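Quick note on labels: first sequence line is chain A, next is B, and so on, each numbered from 1. Note that the structure is a prediction, hence the values are computed from the model and not measured.
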Amino acid sequence: MLGGTATAAADDASAKTRDRELLRAAAAGDADAFDVLIRSRLDRLYRMAMAITRSEADARDATQDACVLAWRELPRLRDHASFDAWISQIVVNAARGIVRRIGRAQVREVSVDLEPTEEHARIEPSRPAETDAFADGDAIRAAFARLDGTTRALLVLHYVEGRPLAEIARATGSPIGTVKWRLSNARRALEQALKAERR
Amino acid sequence: MSEMRGMPRLTDDAIREALTLGPDVRAPFDLGGAIRTTIDATPQRRARPWGGSGRSTLAFRFVVVGLLVLALIAAILLIGSRRPTPTLPAAVSAYRGGPERTGIMPGPGPQGTLASCWQPVALKGPVGSYAPAVGGGIVFIGDAAGFVTAADEATGKVRWQQHVGDAVNSGPALADGLVFVGSDDGNLTALAVADGTVRWHHQTGARVRSSATVIDGVVYFGSDDGHLYALDAATGDQRWVSDDTGGPIDRAVAIAADVIYAGSGSSTDATFDAFDRATGRTLWAQPARLGPGVPSTPAVADGRVFVASGLDLTSAPHVLYALDASTGTQIWAFTSPNGLQQQVTVGAVANGIVYVVSYDKAVYALDVATMAERWPAPFVTHGALGGSAGFVDGTLYVGSTDRSLYAIDGSTGVLKTPPYPISGEPSGPAIVDGRLFVATTLGQLVCVSGSEATPGP
């Protein structure tokens, strides 16, 4: 067991050393080095874009745009150790931008007039208990698709990526208190969208 | 979230499980190749020469900073010796008409049946619930793609479109030949009205969605970082910054009699405070807390300040408060007769009446002093009302999410002309020279005039 751990640690250190060299070369204009760096991260970056956009075509566009932007700006990245966080943030921004550009989301608020009316409440069929688990996931995903790009990104970073609040604050350039506030709003927005989805 | 009948339970685990992608989701097989093809054709930007480390770089920095200081001094001397930039008269200088945010417009309004005055202008992105500004024969609006568009007031011809950064979710303000816009990247940007040239940026700690306003050469606005800012309009230099209000200032501030009124959002208890315009010092803090959500843009008239609570939260109690402008003491409070969950906010305040717009689709006309309803019945549209209104010549103009624009008699609550259909949900209006301007969630700038003759600007 100990041997296995030592081997894993050695592999990790070796990968970090390799990445440092690749980054140095890529920042100096070596496209082959950048290609290697990106291909080892492509699935992760694409999944992050996909989690926000919920569209294969949009996730593809966001990932590609982000990688090209990262290539262009890499010589200006001073702290190579932060490369993964940096490129993740570029992907998140690209995905947010695409959601915003295609106008699927409302600009400021999730929806208006979301409260179900008494009439809606009366005609809402009750769902069998055995379908609840599936209904939850589908309804949440449908509600998520109603949200704006920034709100989606916050929810993905926090709930899917498990990023600490401090890291989200650094990435977004906001105080932790503001991030907490936005997350609280994002969750409420999801609740509102969920209600609207159920109407 | 408490469990509701017919509602899936929204727990952290449920969100995580629903949003986490399955293990089979992977990048398309050809994506890596497509990226490689693109980067082969994309040159890299050169690193900044001071990006490295060491003594030579430090010396280089000193040289660069020294040269910049010399250039700055020369620029200041040059600017000081030139005649001041000609200023354009600002007809609608800021969101909801001006610093008091009453919604009263210079007018005149459209005469006769509402009709289009020119083909809608295509913006670069959608526009939310703020409003255009108009000055010197030009209409200005920012959009969610981060562009500011300037269009000729008479013809709709685009004068310029300038990218300012991240999404613009605030209304522009005009003064001294400059247009000021806040954006989601935390900047307030000043652009030349003539050609859109960026004159300066001022970075705050979080997004700026609080529409700015300018008085006596100072631009005032709030930031989601919780602070109020006062900047020199000509240079962007900071005059003062307020203490942290404890939550984002997400809506415009109102200013009257050298007092700034600003609401600060909270997930538990929002606050509403008054600040000294000269120093940014807090004059009073609203003693009654406003509950969760974001306070609305306030409006100041007749010695009262009107502010609504609970914006951006459907479940929050939505209350419109009338407060004594000098002390913050509550005078009355209004809620929709259709329930506390129906958002209410100020549309306009004019002639002793506060016009309240609500998500319950109605406009209420309340006596400023007593809260008594001044119309025989509320005016009801077919969609929720969440933005600002415009008041001119006794007429209230309101855009609804039913995608119509309504002209209502401000004294009686009676519709004056047939509703005018808008493609997309309209923003708040700006009304001047017989024309009404709104932008839409579909990214268009729309001009509405009347069937009768339109006076020239």
Side-chain angles (χ1 to χ4, degrees), chain A residues 27 29 31 34-35 38-39 42-43 45-47 50-51 56 60 63-64 67-68 71-76 78 100-101 103 106-109 112-115 121 124 126-127 132 135-137 139-141 144 150 155-156 159-160 173-175 177-178 181 184-185 188 190-192 194-195 198, chain B residues 1 6-10 12 14-21 25-28 31-32 34-36 38-40 42-48 51 125-129 144-145 167 169 184 186 205-206 224-226 247-248 265-267 312-315 341 359 361 383-384 386 401 441-443:
Chain A
F34 188 76
D35 196 33
I38 287 301
R39 284 182 191 266
L42 201 53
D43 282 339
L45 299 176
Y46 176 80
R47 285 168 63 83
M50 183 71 183
E56 288 178 9
R60 181 189 174 96
T63 310
Q64 181 161 347
C67 289
V68 173
W71 159 255
R72 199 162 61 93
E73 298 293 330
L74 187 58
R76 293 179 165 218
R78 295 168 69 176
R100 192 170 55 226
R101 275 201 300 278
Q106 297 201 14
V107 177
R108 194 187 281 276
E109 293 167 353
V112 293
D113 200 20
L114 294 178
E115 290 299 317
E124 183 71 44
S126 61
R127 288 165 179 255
D132 276 358
D136 277 6
I140 291 169
R141 280 186 287 276
F144 181 81
T150 302
L155 291 168
V156 167
Y159 289 106
V160 180
S174 306
T178 304
W181 154 258
S184 168
N185 262 5
R188 285 176 192 275
L190 187 60
E191 288 172 359
Q192 290 177 25
L194 196 54
K195 284 185 200 172
R198 297 280 294 176
Chain B
M1 181 186 169
M7 279 279 295
R9 208 157 62 86
L10 192 59
D12 286 2
I15 298 174
R16 191 172 297 112
E17 191 175 325
L19 300 186
T20 300
L21 301 167
V25 176
R26 305 183 66 172
L31 181 56
I35 292 170
R36 177 59 195 262
T38 312
I39 66 171
D40 280 341
T42 305
Q44 287 183 313
R45 292 179 72 181
R46 287 191 305 132
R48 296 181 185 93
V127 173
S129 57
N169 276 304
D184 279 5
D224 276 12
D225 67 10
S266 165
S267 55
D312 290 353
L313 294 180
T314 298
S315 56
Q341 285 74 32
Y359 276 14
K361 307 174 184 175
T401 56
T441 50
L442 296 183

Exercise. Do the non-hydrogen side-chain atoms of B:Ile39 and A:Ile38 ever get within less than 4.5 Å of each other?
Worked result: no
For this session: Please look at A:Arg47 and chain B and tell me whether the side chain, the backbone, both or neither of the residue comes under 4.5 angstrom of a heavy atom of that chain.
Result: both
Problem set entry | Closest approach of A:Leu42 to A:Cys67 (non-hydrogen atoms, all atoms of both residues) | CD1-SG, 4.5 Å
Problem set entry | Qualifying residues under side chain to side chain donor-acceptor pair (under 3.5 Å), relative to B:Thr38, sequence neighbours excluded | A:Gln64
Problem set entry | Under 4.5 Å from a heavy atom of chain B, the part of A:Tyr46 involved | side chain
Exercise. B:Arg26 side chain to A:Asp43 main-chain N or O, any donor-acceptor pair under 3.5 Å?
Worked result: no
For this session: Measure distances from B:Asp40 to the heavy atoms of chain A and classify the residue's part below 4.5 Å as side chain, backbone, both or neither.
Result: side chain
For this session: Check whether A:Trp181 gets within reach of chain B through its side chain, its backbone, both or neither, counting any heavy atom under 4.5 Å.
Result: side chain
Exercise. How close do A:Asp35 and B:Gly32 get, heavy atom to heavy atom, and via which atoms?
Worked result: OD1-O, 4.3 Å
Exercise. With only heavy atoms counted, which part of B:Pro248 is less than 4.5 Å from chain A, the side chain, the backbone, both or neither?
Worked result: side chain
For this session: Just give me the residue among B:Val25, B:Thr20, B:Asp224 that pairs up with chain A most often, heavy atom to heavy atom, under 4.5 Å.
Result: B:Val25
